[in-house]
Amino acid sequence: MPLQLNTNTVTLKCNWCGTIIKENPIVVKTCCNNKPWVFCSNRCYQQWLADWLRKQEQKAGGKKQKGLL
């Protein structure tokens with residue numbers, strides 16, 4: 001699950017939509033990414049989170065459970 005960081009950033013654009021950040025950004029780091037993602041709003045963060053969770057479920061869905069039948 002993504003970890004939200006409380007840090008100031010020098011990034012001027014949102015990593016998701018590319019708009020210029022005018023207020024305090026939302027900075028998130030996941031176990032999969034080496035660099036933090038910066039979002040301009042909660043809406044962009046929620047869209048990214050939904051996409052990220054969908055991709056994580058697809059990776060986990062590729063591994064089939066072996067059952068004893």
Side-chain angles (χ1 to χ4, degrees):
M1 201 67 193
L3 173 68
Q4 190 167 348
L5 303 175
N6 292 328
T7 60
N8 292 332
T9 182
V10 294
T11 303
L12 299 176
K13 289 190 175 186
C14 177
N15 289 115
W16 184 251
C17 67
T19 60
I20 296 174
I21 299 173
K22 297 177 183 174
E23 298 177 2
N24 292 334
I26 299 171
V27 182
V28 177
K29 172 117 174 55
T30 66
C31 58
C32 312
N33 300 359
N34 288 330
K35 69 173 194 136
W37 281 70
V38 181
F39 302 98
C40 61
S41 65
N42 195 31
R43 190 191 79 193
C44 282
Y45 172 63
Q46 292 300 324
Q47 289 176 351
W48 174 83
L49 183 61
D51 186 53
W52 185 81
L53 287 173
R54 187 178 324 110
K55 288 178 183 177
Q56 297 303 313
E57 289 172 358
Q58 289 175 357
K59 287 180 185 177
K63 299 176 185 175
K64 295 193 176 192
Q65 298 283 340
K66 294 184 179 180
L68 300 173
L69 294 177

Quick check: closest heavy atoms across C40 and C17, and the distance to 0.1 Å?
SG-SG, 3.7 Å

Spatial distance of atom CD1 (I26) from atom CH2 (W48) [nearest 0.5 Å]
11.5 Å

Show your working on side-chain contact (heavy atoms from CB on, under 4.5 Å) between K35 and N15 and close with a plain yes or no.
CA-CA 11 Å; K35 69 173 194 136; N15 289 115; 3.9 Å; yes

Working to the nearest 0.5 Å, report the span between CZ of F39 and CD of Q46.
10.0 Å

Could you tell me which non-hydrogen atom of P25 sits nearest to which non-hydrogen atom of V38, and how far apart they are?
CB-CG1, 3.6 Å

Which value, rounded to the nearest 0.5 Å, describes the distance between C31 atom SG and Q56 atom CD?
6.5 Å

Kindly compute the distance separating CG (N42) from OH (Y45), expressed to the nearest 0.5 Å.
8.5 Å

